[in-house]
Amino acid sequence: MTRSFLRAAMVAVALSVAPACATAQTGTAPAEATAARQLFLFQYSPGPAWRAGVPMRQQGLGPHAAYMQRLQDEGRLFAGGGYTSDDGGMAIVTAADMDEARAILAADPAIVSGIFVAELRHWVPRFRVDEPLPGGG
């Protein structure tokens, strides 16, 4: 793993897992909502519809970007973006459990279209820093 990935992963622990957003959506108290949220990594790589030799920005990922923005607006996406190798990316997402994380990933237009395939990993961080992610936009 690269140092920037490890740092980004450690920073994810600082996530307050959007208790206010969860409260508005589920009606649960902030402490309950926070306890119910877990972190999941979506590791995207080229799928069967990926066009070899075509830059990622030209792969038709507009619907995927809109979906990621919606997840961020809902308080479900902590961080996400493409790899510098231009052949995939990663997202850190909150969900109640693995089934909910699977459903969030399965609804991603890049997965539905086959542009990307993804590995889903449940992640329980052990270390953290209180600084924002470096290099964020």
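- Considering only heavy atoms from C-beta on, Arg76 stays 4.5 Å or farther from Phe40 through its side chain.
- Put simply, the side chain of Pro109 does not reach to within 4.5 Å of the side chain of Ile115, judged on heavy atoms.
- Residues Met56 and Ile111 share a single hydrophobic cluster, defined by chaining ILVMFWY side chains whose heavy atoms lie under 4.5 Å apart.
- Taking every heavy atom of both residues into account, Val112 and Ala106 meet most closely at CG2-O, 3.3 Å.
- Hydrophobic cluster membership is shared by Leu105 and Leu71, with clusters built from Ile, Leu, Val, Met, Phe, Trp and Tyr side chains linked at under 4.5 angstrom.
- Distance check, rounded to the nearest 0.5 Å: CZ of Arg37 to CG of Asp97 gives 9.0 Å.
- One finds the CZ atom of Arg70 at 10.0 Å from the CG atom of Asp108 (value rounded to the nearest 0.5 Å).
- The minimum heavy-atom distance linking Leu61 with Ala110 is given by the pair CD2-CB, 3.9 Å.
- Across all non-hydrogen atoms, the minimal contact from Ala49 to Ser113 is CB-O, 3.4 Å.
- Side-chain contact between Leu120 and Phe42 is present, with heavy atoms from C-beta onward closer than 4.5 Å.
- Leu41 places none of its side-chain heavy atoms less than 4.5 Å from the side chain of Glu119.
- You'll find the side chain of Leu39 stays beyond 4.5 Å of the side chain of Val124, heavy atoms only.
- Screening residues 95-116 for ring pair (Phe, Tyr, Trp, His ring centres under 6.0 Å), with sequence neighbours left out, gives Tyr44-Phe116, Trp50-Phe116, His64-Phe116.
- Not counting sequence neighbours, Thr84 has no partner by the side-chain contact (heavy atoms from CB on, under 4.5 Å) test.
- Contact record, Ala91 with Leu77: CB-CD1, 3.8 Å, taken as the closest heavy-atom pair.
- Counting heavy atoms from C-beta on, the side chains of Met98 and Gln38 never come closer than 4.5 Å.
- Between Ile104 and Tyr67 there is a side-chain heavy-atom pair separated by less than 4.5 Å.
- For the salt bridge (Lys or Arg N to Asp or Glu O under 4.0 Å) test, residues two or more places apart in sequence or in another chain that qualify with Arg102 are Asp99.
- Within 6.0 Å of CZ on Arg51 lie more than 12 heavy atoms contributed by other residues, nucleotides or ligands.
- Considering CD of Gln58 and CG of Asp86, their distance stands at 9.5 Å, rounded to 0.5 Å.
- The two atoms that bring Ala95 and Ala101 nearest to each other are CB-N, 3.7 Å, heavy atoms only.
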